[in-house]
Amino acid sequence: GSDVADAKVLMVGAGGIGCELIKNLVACGFRRIEAIDLDTIDYSNLNRQFLFRAVHVNRPKVEVARETVLSFPHDEGQEIVAHHGNVKGQEFGIGYVKGFSIVLNALDNIDARRHVNRVCLAAGVPLVESGTEGYLGQVTVIKKDESE
């Protein structure tokens, strides 16, 4: 079905956009979320990545984002799996991505964004691509045989 509680969501990136995204996914009732990010928290992240505090510096962003969001009120049965690793790793290939209803990109690295785009197209899984530059934001849906 199209019920958000049944959807399996892959979120790639747990920084500025990723913090907002994972919070909103949980608040909207998405119960099955996996997230991938290879970065660790730096002091320079704290002013805009609201899930992180000074005590979290040097810890993996994806793990702290998971812990923090699970401390908020959420639906029973909430499942968030955090992967501290590189989305370009073999373990996150086409077969892995095929297990999701949708992929949400929250990356700032153009090479990684292109990689996820290629994998989603090959897997036939819709991708919601997002990015920011300064105060400007952009969101695009990429769906095989439907998007230009």
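In this structure, the side chains of Ile41 and Asn58 stay at 4.5 Å or more apart for every pair of heavy atoms. The closest side-chain heavy-atom distance from Gln78 to Leu70 is below 4.5 Å.
Contacts of Asp75 classified as side chain to side chain contact (heavy atoms under 4.5 Å, CB included), with partners at least two apart in sequence or in another chain: Arg31. For Glu67, the salt bridge (Lys or Arg N to Asp or Glu O under 4.0 Å) partners at least two apart in sequence or on another chain are Arg59. Every residue two or more places apart in sequence or in another chain was checked for a salt bridge (Lys or Arg N to Asp or Glu O under 4.0 Å) with Arg66, and none qualifies. Taking the side chain to side chain contact (heavy atoms under 4.5 Å, CB included) definition, one finds that Val141 meets it with Val128, sequence neighbours left out. Partners of Lys143 by salt bridge (Lys or Arg N to Asp or Glu O under 4.0 Å), not counting sequence neighbours, listed by chain and number: Glu146. With sequence neighbours excluded, no residue forms a salt bridge (Lys or Arg N to Asp or Glu O under 4.0 Å) with Glu63.
Proximity of a side-chain donor or acceptor of Thr68 to a complementary backbone N or O of Ala65 within less than 3.5 Å is not detected. Side-chain atoms of His84 come within 3.5 Å of backbone atoms of Leu38 as a donor-acceptor pair (strictly under, hydrogens ignored). Distance alone, capped at 3.5 Å, places no donor-acceptor pair between the Ser130 side chain and the Val139 backbone.
Rounded to the nearest 0.5 angstrom, Leu104 CG and Phe30 CZ are separated by 7.5 Å. The structure places NE2 of His115 at 13.5 Å from CD1 of Ile110, a figure rounded to the nearest 0.5 Å.
Among residue pairs with one or both ends in residues 43-73, none qualify as ring-ring contact (aromatic ring centres under 6.0 Å, His included); sequence neighbours excluded. The side chain to side chain donor-acceptor pair (under 3.5 Å) contacts involving residues 98-112 comprise Lys88-Asp111, Asn105-Glu129, where partners must be two or more places apart or lie in separate chains. Among pairs with a residue in residues 37-58, those fulfilling salt bridge (Lys or Arg N to Asp or Glu O under 4.0 Å) read Asp39-Lys61, at least two apart in sequence or across chains.
Applying the under-4.5 Å side-chain rule to Ile, Leu, Val, Met, Phe, Trp and Tyr, the cluster around Leu136 consists of that residue alone. Side-chain contacts under 4.5 Å among hydrophobic residues (ILVMFWY), followed directly or transitively, place Val97 together with Leu10, Val12, Ile36, Val87, Phe92, Ile94, Tyr96, Phe100, Val103, Leu107, Val116, Val119, Leu121, Val125, Leu127, Ile142.
Connection of Val69 to Val62 is not established within any shared hydrophobic cluster, with ILVMFWY side chains joined at heavy-atom distances below 4.5 Å, either directly or through further cluster members. Clustering ILVMFWY residues whenever any of their side-chain heavy atoms sit less than 4.5 angstrom apart, transitively, puts Val81 in a cluster other than the one holding Val9.
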Sequence neighbours excluded and cut-off under 3.5 Å, please list the side-chain donor-acceptor pairs for residues 13-23, or say none.
from: Glu20; atom 1: OE1; to: Lys23; atom 2: NZ; distance (Å): 3.1

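Summarising the geometry of Arg32 relative to Asp6, their closest heavy-atom pair is NH1-O, 3.0 Å, with the distance given to 0.1 Å.
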